[in-house]
Visitor: 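Take a look at this one; I'll ask things after.
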Amino acid sequence: MSPAAPELDFFQRVYAVVRQIPPGRVTSYGAIARYLGSAQSARTVGYAMNAAHSLPEVPAHRVVNRVGLLTGKHHFGGFTAMQQQLEAEGIPVEDDQIQNFSQHFWDPMNEL
DNA sequence: ACCGTGACTGACG
DNA sequence: ACGTCAGCCACGG
């Protein structure tokens, strides 16, 4: 399987990676961008998540910014939906900040 | 084909 | 340690 297959649209490549994030783990926009070979496309990764709403298989709640802050929660219908989904997987969140972030971090560069 | 937009990031003061 | 600034890049109009 080639998640970074260049023949696929950038968004599709992003989704391919996000789908492989294990439950209870999280990663960052930048980490995904770097894995796809476009380290400076972190913003575009977030843009892709925005369009991923129609794709139920894409666990967008497992993608946060580099310090573990839930910067994308405003795009989750409610303002607590993202946090609740994370805590449901055993990831403690306090004031939009994932606790023990490095401990839950999942780097596609190392794991894939 | 050009321009504005954004769920980011690293550097700087 | 914390707020601010400026690059970056893919998408849609």
Side-chain angles (χ1 to χ4, degrees):
Chain A
M1 170 106 94
S2 305
E7 43 267 39
L8 294 176
D9 289 345
F10 187 79
F11 279 23
Q12 293 304 314
R13 280 180 278 166
V14 171
Y15 303 149
V17 176
V18 177
R19 276 199 300 266
Q20 298 177 66
I21 302 175
R25 306 294 297 283
V26 294
T27 191
S28 72
Y29 306 95
I32 294 174
R34 284 186 302 127
Y35 175 72
L36 296 179
S38 302
Q40 297 154 307
S41 304
R43 303 189 69 173
T44 308
V45 172
Y47 199 83
M49 289 300 100
N50 189 35
H53 271 283
S54 54
L55 310 173
E57 307 162 32
V58 181
H61 63 281
R62 297 184 191 141
V63 185
V64 297
N65 79 342
R66 66 177 173 123
V67 298
L69 206 54
L70 310 193
T71 54
K73 70 168 188 173
H74 292 164
H75 294 266
F76 270 77
F79 291 81
T80 59
M82 188 174 187
Q83 177 176 334
Q84 293 183 335
Q85 288 186 67
L86 287 171
E87 297 188 317
E89 297 183 355
I91 300 177
V93 178
E94 186 174 326
D95 193 36
D96 298 339
Q97 168 67 54
I98 292 180
Q99 304 300 299
N100 307 314
F101 181 55
S102 59
Q103 187 178 318
H104 296 286
F105 190 72
W106 179 86
D107 189 349
M109 206 59 118
N110 299 324
E111 308 293 342
L112 295 183

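A note on names: the letters A, B, ... follow the listed sequences, proteins ahead of strands, and every chain is numbered from 1. Both backbone and side-chain heavy atoms feed into the values below; hydrogens, waters and symmetry mates do not.
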Visitor: Hey, could you give me the CD/CG distance between A:Gln85 and A:Leu70, rounded to the nearest 0.5 Å?
Guide: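 Spacing of CD (A:Gln85) from CG (A:Leu70) equals 11.0 Å.
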Visitor: May I ask you to say what A:Phe11 touches in the nucleic acid, namely base, sugar-phosphate or nothing, with a heavy-atom cut-off under 4.0 Å?
Guide: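 Sugar-phosphate: the residue A:Phe11, judged by heavy atoms under 4.0 Å, touches backbone atoms but no base.
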Visitor: So, OP1 or OP2 of C:dC11: does either fall under 4.0 Å of a side-chain N or O from A:Thr44?
Guide: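 For C:dC11, neither OP1 nor OP2 has a side-chain N or O of A:Thr44 closer than 4.0 Å.
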Visitor: Take atom CD of A:Gln12 and atom C1' of C:dC11, then tell me their distance rounded to the nearest Å.
Guide: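 It works out to 13 Å between those atoms.
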Visitor: Base, sugar-phosphate, or nothing for A:Ala60, non-hydrogen atoms under 4.0 angstrom?
Guide: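 Base, at least one base heavy atom under 4.0 Å.
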Visitor: Would you kindly give the CZ-to-C1' distance between A:Arg13 and C:dC11, to the nearest whole Å?
Guide: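 Nearest whole value for this atom pair: 14 Å.
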Visitor: Between B:dA7 and A:Tyr29, counting only base atoms on the nucleotide and side-chain atoms on the residue, is there a donor-acceptor pair under 3.5 Å?
Guide: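 Such a pair exists between side chain and base.
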Visitor: Could you state the interatomic distance from OG1 (A:Thr44) to OH (A:Tyr29), rounded to the nearest 0.5 Å?
Guide: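 Those atoms lie 13.0 Å apart.
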Visitor: Quick one: pull up CE in A:Met82 and OG1 in A:Thr71 and give me the separation to the nearest 0.5 Å.
Guide: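 The distance works out to 7.0 Å.
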Visitor: Which heavy-atom pair separates A:Asp96 from A:Gln83 by the least distance, and what is that distance?
Guide: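 Shortest heavy-atom contact: OD1-OE1, 4.3 Å.
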Visitor: Classify A:Asn65 by what it touches in the nucleic acid, base, sugar-phosphate, or nothing, heavy-atom distance under 4.0 Å.
Guide: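 Touches sugar-phosphate only.
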Visitor: Is A:Arg66 near enough to B:dG10 that one of its side-chain N or O atoms lies under 4.0 angstrom from OP1 or OP2?
Guide: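 For B:dG10, OP1/OP2 do have a side-chain N/O of A:Arg66 under 4.0 Å.
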Visitor: Grab the CZ-C1' distance between A:Phe79 and B:dA7 for me, whole Å please.
Guide: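 Roughly 13 Å, once rounded to whole Å.
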Visitor: How long is the line joining NE2 of A:His75 and P of B:dC8, in whole Å?
Guide: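 One finds 8 Å between P of B:dC8 and NE2 of A:His75, rounded.
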Visitor: Mind listing the closest non-hydrogen atom pair of A:Ser28 and A:Phe105 along with its distance?
Guide: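 Minimum heavy-atom separation between A:Ser28 and A:Phe105: N-CE1, 3.6 Å.
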Visitor: Can you identify which nucleotide, out of C:dG12, C:dC8, B:dA7, has its nearest atom closest to the A:Gln40 side chain?
Guide: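 Of all the options, the side chain of A:Gln40 is nearest to C:dC8.
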Visitor: Please compare A:Ser38 and A:Arg43 by the position of their nearest nucleotide in DNA chain C and report the one closer to 5'.
Guide: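 Nearer the 5' end of the strand: A:Arg43.
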Visitor: Within this structure, what is the CZ-to-C1' distance between A:Arg34 and C:dC8, rounded to whole angstrom?
Guide: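 Rounded to whole Å, this separation is 16 Å.
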Visitor: Picking from C:dC9, C:dG12, B:dC8, which would you name as closest to the side chain of A:Ala42?
Guide: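 Closest nucleotide among those given: B:dC8.
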Visitor: Could you check how far CE of A:Met82 sits from P of B:dA7, rounded to whole Å?
Guide: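 For the pair A:Met82 CE and B:dA7 P, the rounded distance is 12 Å.
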Visitor: Without decimals, in angstroms, what is the distance between A:Phe10 CZ and B:dC8 C1'?
Guide: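 The distance from CZ of A:Phe10 to C1' of B:dC8 comes to 12 Å, rounded to the nearest Å.
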Visitor: A:Leu69 has an atom CG; how far is it from atom C1' of C:dC2, in whole Å?
Guide: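 In whole Å, C:dC2 C1' and A:Leu69 CG are 14 Å from each other.
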Visitor: OP1 or OP2 of B:dT9 versus the side-chain N and O atoms of A:Ser28: is any pair under 4.0 Å?
Guide: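 The answer is yes; a side-chain N or O of A:Ser28 sits under 4.0 Å from OP1 or OP2.
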Visitor: Which base, if any, makes a Watson-Crick or G-U wobble pair with C:dA6, both distances under 3.5 Å?
Guide: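 For C:dA6, the partner nucleotide comes out as B:dT9, under the 3.5 Å rule.
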